[in-house]
Amino acid sequence: MIRYIVKRCLNYVVMLFVSVSMTYFLASAFMDPRSNYMSRHPHPPIPSINRSLDLANINDQTPVITRYLRWITGVLTRWDWGLSPEQAPVGPAIAARIGASVQLVTCATVLGIVLGVSVGVYTAIRQYKWQDRVLNSIATFLLVVPAAVFGLLIVLAAISINNAAGSRLFFVTGLHSYQGSNPIAFILDFLQHLILPTIVMTVPGMVGYHLTQRTYLLDTMNADYVRTARAKGLPLNVAIRRHALRTSLIPTAVDVAFSIAGVFTGAVITETVFAINGLGSYFVQTISNNDINGSVAIAAFGAVCTLAGALLADIFSAWLDPRIRLS
């Protein structure tokens, strides 16, 4: 197992280096930081623009291979991810937003997976019964509701509850507002801020995992080995738990692994609705501002999350199905 993990990690390091390098060249080809200055009226003097672009190592008049070598050397030797066109360090900006995204995403991701898989198993066992039809109808409805609309509905509902209660039970912006030193008050304040965006992010994930897990389990429930277990007298619930469920969880584990990066960098709408400065909003900001270094750093973080999830999916799949060999 250890040899397999080391081998996979080495492969993933090579893949990470290649993908991040390609992202840098693509970002350099399609983004134009010079236009940020030239669009101003009047625009700064050309020598001043060139000096600013040189400081950030994003001057299009410098060969891209030279800029890439400077950038990759800074990353590998000093962990320096460069500067934005406004001369702001990229590394600290991303580090601060990673913390906000982790706080926002972690609980919602875990709840979405656990609840979605549980409901998927529940409805698959009760296929075509009223529980299956009702839950599938609700899931289909929630699946087509846009995230922005759902988020605004949650905000309006929270405001109505606050007005009815006569006090602020839910906060609709940010992740923190308490400035004191009382840990209990800090945790309570954090939960009051977190519950609404958690609901908005949990429900779509839960719906997706519910529908896919139901499909996967229905496929495995009709497999030969499950029918053989039933023919030997094993009750349905036991046959599903011991045989069908383990196999059906493998594609779900793969789905979870490759959605980790999207969960962190794709929560743009939720962060916008609740005014949270996370990675999603920063990613959009880097693209709109022609921030080559910032967009590449976000892409690198997403690649690390994806590859880490892929490694965990490999290990989890082998644990679920002994037929999968790791070496």
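Because the structure is predicted, anything quoted here is derived from the model rather than measured.
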One pair to check against side-chain contact (heavy atoms from CB on, under 4.5 Å): Thr252 and Tyr209. What are the steps and the verdict?
CA-CA 7 Å; Thr252 300; Tyr209 289 122; 4.3 Å; yes
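- Two residues are said to be in side-chain contact when any heavy atoms from C-beta on lie closer than 4.5 Å; Cys9 and Leu311 meet this criterion.
- With a 4.5 Å cut-off on side-chain heavy atoms, Pro85 and Asn289 do not count as touching.
- In plain terms, the two heavy atoms of Leu218 and Ala124 that are nearest each other are CD2-O, 3.6 Å.
- Pairing each heavy atom of Ala56 with each of Asn293, the nearest pair is O-ND2, 3.1 Å.
- For Thr123 and Gln131, the side-chain atoms include no donor-acceptor pair closer than 3.5 Å.
- Side-chain contact check for Leu279 versus Phe301: some heavy-atom pair is nearer than 4.5 Å.
- At least one side-chain heavy atom of Asp189 sits less than 4.5 Å from a side-chain heavy atom of Phe171.
- Atom CD1 of Ile98 is separated from atom SG of Cys305 by 7.5 Å, given to the nearest 0.5 angstrom.
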For a quick test of your reading: what N or O donor-acceptor pairs under 3.5 Å do the side chains of residues 195-206 make, sequence neighbours left out?
from: Thr198; atom 1: OG1; to: Leu194; atom 2: O; distance (Å): 2.7
from: Thr202; atom 1: OG1; to: Thr198; atom 2: O; distance (Å): 2.6

Using the rule given for side-chain contact (heavy atoms from CB on, under 4.5 Å), can you reason through Val75 versus Arg70, listing the C-alpha separation, both sets of side-chain angles and the distance that settles it, and then say yes or no?
CA-CA 9 Å; Val75 172; Arg70 292 174 183 170; over 6 Å; no
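- Side-chain atoms of Asn57 come within 3.5 Å of backbone atoms of Arg67 as a donor-acceptor pair (strictly under, hydrogens ignored).
- We find the OG1-CZ distance between Thr270 and Phe274 to be 7.0 Å, quoted to the nearest 0.5 Å.
- Under a hydrophobic-cluster definition in which Ile, Leu, Val, Met, Phe, Trp and Tyr are linked whenever side-chain heavy atoms come within less than 4.5 Å, directly or via other members, Val114 and Val105 are assigned to different clusters.
- In terms of heavy-atom proximity, Ala93 sits nearest to Tyr282 at CB-OH, 3.9 Å.
- Annotation for Pro89 and Pro92: closest pair CB-CD, 3.6 Å, computed over non-hydrogen atoms.
- Considering only heavy atoms from C-beta on, Thr286 stays 4.5 Å or farther from Met31 through its side chain.
- For the residue pair Asn290 / Asn36, a side-chain donor-acceptor distance below 3.5 Å is found, with atom types taken as modelled.
- No hydrogens or angles considered: nothing links the side chains of Arg51 and Asn59 as a donor-acceptor pair under 3.5 Å.
- Screening residues 31-74 for ring-ring contact (aromatic ring centres under 6.0 Å, His included) gives Tyr24-Tyr68, Tyr24-Trp71, Phe25-Tyr68, Trp71-Trp81 as the qualifying pairs, with residues at least two apart or on separate chains.
- Note that the CZ atom of Phe170 and the CG atom of Asn162 stand 7.0 Å from one another [nearest 0.5 Å].
- Put simply, the side chain of Ser48 never gets that close to the backbone of Pro44: no donor and acceptor are under 3.5 Å apart.
- Formation of a donor-acceptor pair under 3.5 Å by the Gln192 side chain with backbone atoms of Leu169 is found in this model.
- A distance of 11.0 Å separates CG in Asn136 from CG in Leu143, rounded to the nearest 0.5 Å.
- Scanning both residues, Leu175 and His193, for their nearest heavy atoms gives O-CB, 3.4 Å.
- Residues Gln87 and Leu55 are in side-chain contact: their nearest non-hydrogen atoms beyond the backbone lie under 4.5 Å apart.
- Looking at residues two or more places apart in sequence or on another chain, you find no salt bridge (charged side-chain N to carboxylate O under 4.0 Å, His left out) involving Arg40.
- At a threshold of 4.5 Å between non-hydrogen side-chain atoms, the residues Asp291 and Gln285 do not count as touching.
- In terms of the salt bridge (charged side-chain N to carboxylate O under 4.0 Å, His left out) criterion, Arg97 has no residue partners (sequence neighbours excluded).
- Of the possible donor and acceptor atoms, none in the side chain of Arg34 sits under 3.5 Å from a partner among the backbone N and O of Asp60.
- Residues Val90 and Trp79 share a hydrophobic cluster, clusters being chains of Ile/Leu/Val/Met/Phe/Trp/Tyr side chains in contact below 4.5 Å.
- Counting all heavy atoms, side chain and backbone alike, Ala139 lies closest to Leu211 at CB-CD2, 4.1 Å.
- Side-chain heavy atoms closer than 4.5 Å link hydrophobic residues (I, L, V, M, F, W, Y) into clusters, and following such links, even through other members, never connects Val110 to Val207.
- Hydrophobic cluster membership for Leu188: none, as no Ile, Leu, Val, Met, Phe, Trp or Tyr side chain comes under 4.5 Å of it.
- Taking the six-membered ring wherever Trp is involved, the centroid distance between the rings of Tyr122 and His210 does not fall below 6.0 Å.
- With hydrophobic clusters built from ILVMFWY side chains whose heavy atoms lie under 4.5 angstrom apart, Met22 does not share a cluster with Val296.
- Remark: side-chain polar atoms of Glu271 are paired, donor with acceptor, to backbone N or O of Gly280 under 3.5 angstrom.
- For Asp132, the salt bridge (charged side-chain N to carboxylate O under 4.0 Å, His left out) test picks out Arg214, with sequence neighbours left out.
- Within the 4.5 Å cutoff, no side-chain heavy atoms of Ser281 are placed close to those of Ile276.
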Show your reasoning for whether side-chain contact (heavy atoms from CB on, under 4.5 Å) applies to Tyr216 and Ile250.
CA-CA 9 Å; Tyr216 297 147; Ile250 294 176; over 6 Å; no
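- Leu135 and Leu111 end up in different hydrophobic clusters when Ile, Leu, Val, Met, Phe, Trp and Tyr side chains are linked at under 4.5 Å.
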